[in-house]
Amino acid sequence: MIIEAKVPVIGESINEVTLSQWLVEDGDYVQIDQSICEFESDKATLEFPAEKAGRISFVASEGQDLKIGDVVARIDTSVEAPAGKAKPEVAAGAGAEAGAGSKASGAKSESGGKGSSSATSADSSSGSGAGSGSSGKSSSAAAEAASAPVSGNGKAKASDAGAGAGAGAGSGSGSSGAGSSGSGAGSSGAGSNASPLAAAMMADKGLSPRQIKGSGPGGRITKADVIRAVEQGLPAAEAIRSLKAFSREQRSERSSRLRQTVARRLVSVKNQTAMLTTFNEVDMGPVMEMRSKYKEAFQKKHGVSLGFMSFFTRACCNALQEFPMVNAWYDEKEIHFHDYCDVSIAVSTPRGLVVPVLRNAESLDMHEIETGIKDLAIRARDGKLSLEEMEGGTFTITNGGVFGSMLSTPIINSPQSAILGMHKIEERPIALNGQVVIRPMMYLALSYDHRIIDGKESVSFLVRIKQQLENPEQLLFGKDPMELLLGL
């Protein structure tokens with residue numbers, strides 16, 4: 001009997017996907033629930049499992065766009081399993097499935113079977129990822145990891161809903177996955193013999209395909225190969241040296257659905273809002289002194305570092321409650337106000353920019369903010385965020401300073417009305433009390449929708465943030481710093 005494997009219903013808003021890569025070979029014998037391919041939508045990357053065991057015949061090719069219900073492959077269930085791959089059967093009276101076929105496949109076996117492997121976790125010490133206007137790269141050496149269930153016959157691997165918001169003008173944050181055509185090694189080009197995710201990771205790390213030996217069929221480079229190369233310490237400069245001198249080669253790569261969604265949203269925001277940006281600068285000395293004074297006790301008490309993000313998030317929440325229009329949405333006929341602050345934190349991942357949400361940030365203590373942001377950043381870079389964690393948000397904070405950005409104009413995360421851009425702390429001479437002194441200064445940028453927020457309101461909002469950061473005791477609501485920071 002031959003059955004058809006079709007693109008499953010994934011979600012109400014997802015009508016089309018791209019077959020980004022096959023996880024098995026054409027003609028392979030596949031087990032029940034074995035992941036046979038990956039789908040990429042504008043919101044998630046999915047692993048697609050086989051419904052029945054049998055010999056698979058490909059119908060669709062890598063890089064092909066498919067609609068819900070399109071046939072991906074056919075499986076001949078009448079074919080007997082080869083030696084060592086017994087068909088799963090129900091044991092008499094036991095009700096248990098025998099054989100390896102009852103397990104969800106996906107991990108690459110020692111015998112060379114092809115699947116998706118999990119990756120190491122990311123470095124989250126910075127608290128947030130790429131911000132607006134930054135050209136920086138993700139500090140993560142990881143790719144997507146374990147699957148999380150979604151509706152339909154697929155498993156969500158990396159939730160990318162809401163990605164693209166908060167990216168600044170000229171942002172280079174995140175690398176798009178390069179699609180390849182056909183079911184073999186792919187089309188021509190320097191990175192064509194790599195899976196889409198591996199190609200994105202190589203671009204993110206500045207590695208050349210010539211540096212990495214592929215372990216997949218036909219020498220195909222997998223994400224595990226890239227991770228192994230990074231762990232072995234291949235420097236980005238080596239990639240440059242490995243290229244031919246005076247080379248004029250060109251190549252084209254298919255833009256990922258995530259990158260296409262990012263592009264559409266950025267253009268939409270620019271075209272549909274009256275976006276302006278106001279700037280200010282803040283002396284970070286007081287915050288740095290407070291961090292230095294309490295960081296050891298804070299770490300010991302809460303098991304998390306005291307970073308800048310908790311100060312900025314707390315300052316923004318206070319200012320949002322003082323200026324509720326900045327925390328509102330505008331939809332032509334109505335203004336929607338919020339009595340809570342759901343703060344979106346822009347994070348750069350190997351697949352692109354994502355913006356997970358810290359819910360009710362106005363009600364969280366400093367250590368709860370730090371713990372929440374760290375958790376969101378790690379799971380974003382490991383591809384473990386759910387779609388729900390990417391949706392909503394009333395205000396966004398993006399930090400291009402972690403990559404060296406000194407000044408930028410962040411783009412609003414629609415339908416929100418404003419976004420705060422943090423930047424690199426630089427020691428600069430300033431006039432203070434009639435004298436020139438050297439202070440650690442940071443430029444702040446607030447982009448806002450002028451349709452709903454007036455100039456006076458936007459400037460006052462940013463000044464209020466500056467005042468709190470330069471007088472961090474204002475963030476503590478009259479409490480003793482030790483009492484609030486350590487939760488006493």
Side-chain angles (χ1 to χ4, degrees), residues 126-137 139 165-173 266 269-270 275-291 307-320 323 326 343-348 353 355 373 395-413 416-433 436-450 453 455-472 474-475:
S126 65
S128 85
S132 39
S134 72
S135 59
K137 301 173 183 176
S139 61
S171 172
S173 301
L266 293 180
V269 170
K270 293 283 285 185
M275 196 180 78
L276 292 178
T277 304
T278 183
F279 302 94
N280 214 316
E281 62 178 355
V282 57
D283 183 348
M284 293 297 294
V287 169
M288 296 171 71
E289 291 167 8
M290 182 171 285
R291 285 185 67 221
F308 290 125
M309 288 303 298
S310 55
F311 288 92
F312 276 87
T313 303
R314 173 61 67 84
C316 286
C317 288
N318 292 345
L320 288 171
F323 300 94
V326 183
V343 180
S344 303
I345 307 294
V347 179
S348 179
L353 194 66
V355 195
I373 291 176
F395 182 82
T396 296
I397 301 176
T398 180
N399 186 4
V402 295
F403 303 110
S405 174
M406 192 169 182
L407 191 62
S408 66
T409 55
I411 296 180
I412 299 168
N413 181 4
Q416 298 172 19
S417 299
I419 177 173
L420 178 74
M422 300 166 56
H423 299 91
K424 182 181 179 182
I425 299 174
E426 289 274 12
E427 288 194 343
R428 296 199 301 272
I430 63 169
L432 182 64
N433 298 325
V436 176
V437 295
I438 306 298
R439 300 294 297 172
M441 306 298 294
M442 176 193 287
Y443 288 120
L444 299 181
L446 179 74
S447 291
Y448 62 98
D449 188 347
H450 207 355
I453 302 172
K456 178 182 178 181
E457 204 163 30
S458 64
V459 172
S460 300
F461 176 86
L462 194 56
V463 168
R464 186 73 184 95
I465 292 176
K466 169 184 169 69
Q467 291 171 344
Q468 292 178 87
L469 294 172
E470 293 184 344
N471 301 275
Q474 293 185 14
L475 298 174

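Side chains of M441 and D283 form a contact here, defined as non-hydrogen atoms less than 4.5 Å apart. For the pair T409/F279, a side-chain contact is recorded, criterion being any heavy-atom separation below 4.5 Å from C-beta on. Residues R428 and Y443 form a side-chain contact, since some pair of their non-hydrogen atoms from C-beta on lies under 4.5 Å apart.
A side chain to side chain contact (heavy atoms under 4.5 Å, CB included) with V287 is found for exactly one of V282, I425, L469, N471, namely L469.
Not one N or O on the side chain of H450 forms a donor-acceptor pair closer than 3.5 Å with the backbone of L276. Between the S447 side chain and the P410 main chain, a donor and an acceptor come within less than 3.5 Å of each other. The main-chain N or O of T396 is found under 3.5 Å from a side-chain atom of Q416 such that the two form a donor-acceptor pair.
Between Y448 and L446 the shortest heavy-atom distance is CD2-O, 3.6 Å. Between V326 and I453, the shortest heavy-atom contact is CA-CD1, 3.7 Å. When every heavy atom of N280 is checked against every heavy atom of V463, the shortest pair comes out as ND2-CG2, 3.7 Å. When every heavy atom of R439 is checked against every heavy atom of G285, the shortest pair comes out as NH2-CA, 3.5 Å. Listed here is the closest heavy atom pair of Q468 and A315: NE2-O, 3.1 Å.
Taking CE of M442 as the start and CD of E281 as the end, the distance is 12.0 Å to the nearest 0.5 Å. With values rounded to the nearest 0.5 angstrom, F312 atom CZ is found 11.5 Å from I373 atom CD1. To the nearest 0.5 Å, atom OG1 of residue T277 and atom CD1 of residue I411 are 9.0 Å apart. In this structure, the separation between NE2 on H423 and OG1 on T398 is 8.0 Å, given to the nearest 0.5 Å. With values rounded to the nearest 0.5 angstrom, F311 atom CZ is found 6.0 Å from M290 atom CE. Considering CD1 of I397 and SG of C317, their distance stands at 7.0 Å, rounded to 0.5 Å.
For R291, there are no salt bridge (Lys or Arg N to Asp or Glu O under 4.0 Å) partners two or more places apart in sequence or in a different chain. With sequence neighbours excluded, no residue forms a salt bridge (Lys or Arg N to Asp or Glu O under 4.0 Å) with E457.
The aromatic ring centres of F461 and F395 sit less than 6.0 Å apart.
For K424, the NZ atom is loosely surrounded, since the number of other residues' heavy atoms within 6.0 Å does not exceed 12.
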